[in-house]
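Along the sequence shown, residues are numbered consecutively beginning with 1. Counting starts at 1 for both ligands and their atoms, in listed order.
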Amino acid sequence: MFVEIPRWMLVSLAVYLSIPLVVYFIIPYVWYGTRSTKKRIIIFVLGDVGHSPRICYHAISFSRLGWQVELCGYVDDTLPRSISGDPNITVHHISNLNRKEGDVSVLFMVKKVLFQVLSIFKLLWELRGSDYILIQNPPSIPILPIAVFYKLTGCKMIIDWHNLAYSILQLKFKGNFYHPLVLISYMVEMIFSKFADYNLTVTEAMRKYLIQSFHLNAKRCAVLYDRPAAQFKPLPGDVSRQKAITTAAFTKDYIRNGFDTERGDKIIVTSTSFTPDEDIGILLGALKIYENSYIKFDSSLPRILCFITGKGPLKEKYMKQVKEFDWKRCQIEFLWLSAEDYPRLLQLCDYGVSLHTSSSGLDLPMKILDMFGSGLPVIAMNYPVLDELVQHNVNGLKFVDRRELHESLIFAMKDDDLYKNLKKNVAQETENRWQSNWERTMRELKLLH
Ligand SMILES: *[C@@H]1O[C@H](CO)[C@@H](O)[C@H](O)[C@H]1NC(C)=O
Ligand SMILES: *[C@@H]1O[C@H](CO)[C@@H](O)[C@H](O)[C@H]1NC(C)=O
């Protein structure tokens, strides 16, 4: 005879016996997936990974600290070795829907976004149990809302602000803020970004803007400066500069007989858009004083070849000024170079000159970064925030007017020890700049301890 076991007891027993299974297998499976004991960060870019240098630098920096990095994006081109060869970084390809030639219909856009959403969800499911997710903004749709949703798993969200998505869209619609797409984009950006745990911005100006207009917490928002783009590299040590300047198509016509960098002649370069806030007149004035010093006091002053690249409203005026003066020791040439040739020209120069003064007083000139990247010390017009980038006698020389610029030029042209020292610091700094800056910023945000 059997004792009738009550149904509730059986159910309780089954529940009891399944507890270990749930606690040890199912919950970990659902919540942690394949994570290991290391800290894990997902880095998401809805663009080609190989063409998103900043995102790659983030990945490398987290990897150096021993984090497990899951880098998600489109992989169109071959990846740089620093990414593909790094055991701490796993690259995940997001599948993309390719647009048929000329298809700009709304239907296609909707399909594309839906497809993206599905692939992103699939990926995030595979990577569940991460500690952080870092996304780049723009684009904010669809990744921003998804990342906010993903925060439910206990993951912290970091937004790296490169720009504002809605303002870019607004430009496309002729500045119309009330275009429905612009409004939607603005709302998405404004609402969902409120959930970010940390904000990074590329400039101080951007940071201030976000704090004021989007009312974000100033303590959780930090500036992380860019580093020079990869095409700006110093001239390789085994290349002869004199030979390069006399053969390169964009310089050879300007090299006069007897101009010899190996015998101490110098090349300086400045790039400008010839607007009133960059006074090329100061440079021309200083070079005229240099001429005077050469004639009256010191006939050993090196020759200077000065390249001024760029175009803009005041170019004609300055070209005329240059033509009217009788130059003996300096030669000034106006160039307009392609994006490929400009980095090549920088490599061939001794010093970069920056006449940039910031109108807002908040931004740093990208061109100085590019000069540093090419290994050039800079002679820069000083203004308050420039201290963050250029230190006098360390990686460059600073001036405020044409007299000081002239003095700096004399030092720069004559003092080889100074030059070597500045150049050494520039090279070191370009190496270290990103990593140290990055670590400081992450510490500021209390992301690293
Ligand atoms: C990968 O992480 C380990 C620590 O887990 C670290 O020692 C190593 O330097 C990292 N590798 C790279 C290439 O940064
Ligand atoms: C990050 O920025 C967004 C808006 O841009 C803001 O709403 C959010 O509160 C910020 N997060 C922190 C932690 O400050």
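With hydrogens left out, the protein atom closest to atom 12 (C) of ligand 1 is Ser63 OG, 3.5 Å, a heavy atom. For atom 1 (C) of ligand 1, the closest non-hydrogen atom of the protein is Asn88 ND2, 1.6 Å. The protein heavy-atom contact nearest to atom 4 (C) of ligand 1 is Gly66 CA, 3.7 Å.
To the nearest 0.5 Å, atom CG of residue Leu124 and atom CD1 of residue Ile143 are 6.5 Å apart.
Residues Phe177 and Tyr186 place their aromatic rings such that the two centres sit under 6.0 Å apart. For Tyr342 and Phe250, the gap between ring centers reaches or exceeds 6.0 Å.
In summary, the atoms of ligand 1 found under 4.0 Å from a heavy atom of Arg64, numbered by their order in the structure, are 14 (O). Ligand 1 places these atoms under 4.0 Å from at least one heavy atom of Lys38: 5 (O).
For atom 7 (O) of ligand 1, the nearest protein heavy atom lies 4.0 Å away or farther.
Remark: the backbone N or O of Thr261 is paired with a side-chain donor or acceptor of Gln242 at under 3.5 angstrom.
Under the 4.5 Å side-chain criterion, counting only non-hydrogen atoms from C-beta, Leu348 is in contact with Leu235.
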